[in-house]
Enquirer: 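Sharing a structure with you now.
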Amino acid sequence: MEHNSSIYREYLRILEQELVPAFGCTEPIAIAYAAALAVQTLGERPDRLLVEASGNIIKNVKSVIVPNTGGMKGIQAAAAAGVVSGRPEDKLELLEGLTEEQRGEIRDYLQTADIRIQKAGGCRTFDLTVTVWAGNREARVRIADSHTNVVLVEKNGEILRTAGTDEEGSQAEAKSSLSMEGIVDFALTARLDDVKEVLDRQIEYNMAIAEEGMKHAYGANVGKVLLAAYGDDVKIRARAKAAAGSDARMNGCELPVVINSGSGNQGITVSVPVIEYARELGSGEEQLYRALLISNLTAIHLKEGIGRLSAYCGAVSAGTGAGAGIAYLLGGGYEEIIHTVVNTLANVSGIVCDGAKASCAAKIASAVDAGILGYYMYRNGQEFVDGDGIVKKGVESTIANVARLGRYGMRDTDREILDIMIG
């Protein structure tokens, strides 16, 4: 790929936009960010808040710990943490600097403030509005489509900032330049200086939380169970360390993660297994970078048609990306990579998302296992072919079918999951 071409620059932009640090599960952090921005707009600490959130946000915040709050869970805790933090400029890292004194303030604020929750109207999967009041003074912030995409800032009825949105919430996020052919071409030809900073940060952050999850007890300790039950082979370690990163992240670990497609769990899943394989194989720095480019961009490509939040588990897209990156490290070229993708999607595309919580780690382990199996299937002359369920001729056709399944086919499933979770 030509380094001065518009497509090359677009791929770099996608990486810089998607691979950003986040401190804690991104849905509660988005609520905290919206609350902090609303308070900054109001200019004083509010006594009342209304959080209007789409069902997928409610689902993902219900059972996960809000980071740096001393173990608090839920939408009210996330909103209160944002109010107290006072640092909207830090976006998805705004809770990282909370002090013990501020944690006490959050607990006190939850006792005194009136914080109400309401399900957002409409059909968009990521929709969040936080309205705050102090007396008769009011401010409102709306975030839509992605975790920091502010589309409305309003104070006392005056619109201070606005951006256009697809009100039906049905349009896929626009990254139409991505294709598996383009991804592999970019990954194999990219100047390493152009991607080194963003990938070094992903390696450092995500391996740190994976190692933390292996050392200490978090959640269901899926990573530790995998190693104890199945041994220390790289195929197990790749799954175990990725699961351990999620064990830690979902259960209160206060380490940042470089996300992918708006998700820390997906960021861990696309990177940790690839890094573990590179270490086992003695791969050089260049090979690791190029494998991570394949893994990250494949996951983003798979998610673009599904949307940020869905009943379709994002670990599947990320595990597929990891499988593609591992295929490259094991000597695979374009054919091995795309067949790994198809074989993986044919296997685990039915895993549902029932919110952010401890069991995400187990789903990550299953998705990474499927990604590794997908490669070994093709290496051994086996593959799923056109007509095998949702598989169609050509990798892009299969990816399009999965996007259709996740975005449209699972809408009723999403509603049922939410009803089951919150009654």
Side-chain angles (χ1 to χ4, degrees), residues 24-27 56 59-65 73 206-207 209-253 255 257 259-261 263-277 295 299 302-303 306 309-323 326 344-374 406 410 413-414 417-418 420-421:
C25 181
T26 46
E27 278 72 55
N56 277 278
K59 180 174 70 176
N60 275 1
V61 182
K62 177 179 180 291
S63 301
V64 73
I65 291 174
K73 294 182 179 182
N206 295 4
M207 287 305 292
I209 199 168
E211 297 294 347
E212 172 69 13
M214 292 303 300
K215 289 176 183 175
H216 302 289
Y218 289 99
N221 293 298
V222 174
K224 290 183 176 182
V225 169
L226 278 167
L227 282 186
Y230 298 111
D232 199 34
D233 181 88
V234 66
K235 292 187 288 295
I236 306 302
R237 287 202 311 277
R239 298 163 58 197
K241 288 194 176 182
S246 179
D247 284 327
R249 183 172 175 80
M250 294 291 95
N251 295 281
C253 177
L255 287 175
V257 166
I259 65 178
N260 181 293
S261 303
S263 164
N265 276 337
Q266 290 170 58
I268 292 167
T269 307
V270 296
S271 57
V272 170
V274 176
I275 297 163
E276 193 63 27
Y277 259 86
S295 179
L302 293 173
K303 281 289 287 181
I306 297 170
L309 300 176
S310 167
Y312 184 98
C313 178
V316 173
S317 302
T320 304
I326 291 167
T344 308
L345 294 175
N347 182 359
V348 288
S349 284
I351 297 177
V352 298
C353 173
D354 54 345
K357 52 358 185 169
S359 66
C360 291
K363 297 180 183 185
I364 286 170
S366 296
V368 173
D369 183 46
I372 296 169
L373 174 64
M410 299 181 79
T413 302
D414 212 14
I417 291 170
L418 186 61
I420 290 167
M421 289 178 65

Enquirer: Measure across M421 and K62 and return the closest heavy-atom pair with its distance rounded to 0.1 Å.
Expert: O-CE, 3.1 Å
Enquirer: What do the steps show when you test L418 against D414 for side-chain contact (heavy atoms from CB on, under 4.5 Å), and what is the final call?
Expert: CA-CA 6 Å; L418 186 61; D414 212 14; 6.0 Å; no
Enquirer: What's the shortest heavy-atom distance between G267 and N206, and which atoms?
Expert: O-ND2, 3.1 Å
Enquirer: Where do V270 and S295 come nearest, in terms of heavy atoms and distance?
Expert: O-OG, 2.6 Å
Enquirer: Check whether any side-chain heavy atom of L345 sits under 4.5 Å from a side-chain heavy atom of L302, and report yes or no.
Expert: yes
Enquirer: Checking the side chain of D247 only, and the main-chain atoms of V222 only, is there a donor and an acceptor separated by less than 3.5 Å?
Expert: yes
Enquirer: What's the separation between atom CG in D369 and atom OG1 in T344, rounded to the nearest 0.5 Å?
Expert: 10.0 Å
Enquirer: For the atom pair CZ (R249) and CG (N251), what is the distance rounded to the nearest 0.5 Å?
Expert: 11.5 Å
Enquirer: Run the numbers on D354 and K363 for side-chain contact (heavy atoms from CB on, under 4.5 Å), then give the verdict.
Expert: CA-CA 11 Å; D354 54 345; K363 297 180 183 185; 2.7 Å; yes
Enquirer: Measuring only between side-chain heavy atoms, which start at C-beta, is N265 closer than 4.5 Å to M250?
Expert: yes
Enquirer: V234 and E276: which non-hydrogen atoms are nearest, and at how many Å?
Expert: CG2-O, 4.0 Å
Enquirer: For the residue pair M410 and V352, establish whether any side-chain heavy-atom pair is separated by less than 4.5 Å.
Expert: yes
Enquirer: Would you name the heavy atoms of S310 and K59 that are closest together and state the gap between them?
Expert: O-NZ, 3.5 Å
Enquirer: Less than 4.5 Å apart, side chain to side chain, heavy atoms only: is that true for N60 and C353?
Expert: yes
Enquirer: Mark yes or no for whether K235, through its side chain, and D233, through its backbone, hold a donor-acceptor pair below 3.5 Å.
Expert: no
Enquirer: Work out which heavy atom in A248 is nearest to a heavy atom in Y218; give both atom names and the distance.
Expert: CA-CG, 3.6 Å
Enquirer: How long is the straight-line distance from CD of E212 back to NE2 of H216, given to the nearest 0.5 Å?
Expert: 4.5 Å
Enquirer: Quick check against the 3.5 Å criterion: does S366 have a side-chain atom that pairs as donor or acceptor with the backbone of A362?
Expert: yes
Enquirer: Hey, what do you get for NZ (K241) to OG (S271), rounding to the nearest 0.5 Å?
Expert: 12.5 Å
Enquirer: Does a side-chain heavy-atom distance below 4.5 Å link I417 with T413?
Expert: yes
Enquirer: How many angstroms lie between atom CZ of R237 and atom CE of M214, to the nearest 0.5 angstrom?
Expert: 10.0 Å
Enquirer: Report yes if the side chains of V272 and M207 come closer than 4.5 Å at any heavy-atom pair, otherwise no.
Expert: yes
Enquirer: Is there a side-chain contact between E27 and L309 (heavy atoms, below 4.5 Å)?
Expert: yes
Enquirer: What distance separates R239 CZ from I236 CD1, expressed to the nearest 0.5 Å?
Expert: 5.0 Å
Enquirer: Would I65 and K73 count as a side-chain contact (heavy atoms from CB on, under 4.5 Å) here? Give the steps.
Expert: CA-CA 5 Å; I65 291 174; K73 294 182 179 182; 3.7 Å; yes
Enquirer: Check whether any side-chain heavy atom of T26 sits under 4.5 Å from a side-chain heavy atom of I259, and report yes or no.
Expert: yes
